[in-house]
Asks: 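Once you've had a glance at the structure underneath, I'll fire off some questions.
Any value given below was found using the heavy atoms of this structure, including those in side chains, with hydrogens, waters and symmetry copies removed.
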Amino acid sequence: MDSNNQNSKESMKKHNWQLNNLENNPCFQEQNLSLKCIDDNNYDLDKCQLFFENYKNCKKFWNEVRRNRRFNGLTPALPPYAERIKIKEKFLKTGEL
């Protein structure tokens, strides 16, 4: 196997792992619920629209958090899990990031 192909596969594995854990994917739970809905409903996507909207709203929210943190010079752009809980609670109470 050629080394570029091997590096590409290793990179994909790492990328997939990063997206499939709560620390690196703030919408991990919403993602899993969407996939579970699809499986539970024999891939009838119409039955899962609420889950898809929830996932989309989650991604939108955390992308906005990242954007605001970058703009304000905060690193990392995606806060650690414990900090994300506080950010989410504040948003739910005040409507502000």
Asks: Would you check if the side chain of E23 reaches a backbone N or O of P80 as a donor-acceptor pair within less than 3.5 Å?
Replies: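 No, because the side chain of E23 does not come within donor-acceptor range (under 3.5 Å) of the backbone of P80.
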
Asks: Do the side chain of N25 and the main chain of C27 share a donor and acceptor less than 3.5 angstrom apart?
Replies: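 Yes.
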
Asks: Tell me whether I85 shares a hydrophobic cluster with I87, the cluster being built from Ile, Leu, Val, Met, Phe, Trp, Tyr side chains joined at under 4.5 Å.
Replies: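 Unlinked, I85 and I87 end up in two clusters.
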
Asks: Under the 3.5 angstrom rule, does the side chain of N54 hit a backbone N or O of L50 as a donor-acceptor pair?
Replies: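 No, the answer is negative, given that no donor and acceptor are paired below the 3.5 Å cut-off.
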
Asks: If you measure from CG on L33 to CZ on F52, what distance do you get to the nearest 0.5 Å?
Replies: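 Spacing of CG (L33) from CZ (F52) equals 11.5 Å.
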
Asks: For the atom pair OH (Y55) and CG (L35), what is the distance rounded to the nearest 0.5 Å?
Replies: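 Those atoms lie 8.5 Å apart.
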
Asks: Roughly how far apart are F28 CZ and N21 CG, rounded to 0.5 Å?
Replies: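 Spacing of CZ (F28) from CG (N21) equals 7.0 Å.
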
Asks: Quick one: closest heavy-atom pair of P26 and C58, and the distance?
Replies: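 The pair with the smallest heavy-atom distance is O-SG, 3.9 Å.
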
Asks: Is there a donor-acceptor contact under 3.5 Å from the side chain of T75 to the main chain of A77?
Replies: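 Judged by distance alone, no pair lies under 3.5 Å.
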
Asks: Using 0.5 Å steps for rounding, measure from the NZ atom of K36 to the CD atom of Q31.
Replies: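 K36 atom NZ to Q31 atom CD measures 15.0 Å (nearest 0.5 Å).
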
Asks: Heavy atoms only: give me the nearest K47-C37 pair and the separation to one decimal.
Replies: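 Closest approach of K47 to C37: O-SG, 3.8 Å.
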
Asks: For the pair D44 (side chain) and D46 (backbone), establish whether a donor and an acceptor sit closer than 3.5 Å, ignoring hydrogens and angles.
Replies: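 Yes, the answer is positive, given that a donor and an acceptor are paired below the 3.5 Å cut-off.
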
Asks: Looking at E83 and K86, is any side-chain nitrogen of the basic one under 4.0 Å from a carboxylate oxygen of the acidic one?
Replies: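 No.
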
Asks: Strictly by modelled atom types, are R66 and N63 linked by a side-chain donor-acceptor pair under 3.5 Å?
Replies: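 Yes, side-chain donor-acceptor contact under 3.5 Å.
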
Asks: For the CG atom of L45 and the OG atom of S34, what is their distance to the nearest 0.5 Å?
Replies: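 Reported value, rounded in 0.5 Å steps: 10.5 Å.
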
Asks: Looking only at non-hydrogen atoms, find the nearest pair between L97 and E64 and report the distance.
Replies: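 Distance-wise, the nearest heavy atoms are CD1-CG, 3.5 Å.
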
Asks: To the nearest 0.5 Å, what is the distance between CD on E30 and NZ on K56?
Replies: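 Answer rounded to 0.5 Å: 14.5 Å.
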
Asks: Any link between F91 and L78 through a network of hydrophobic side chains (Ile, Leu, Val, Met, Phe, Trp, Tyr) touching at under 4.5 Å?
Replies: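 Cluster IDs for F91 and L78 match.
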
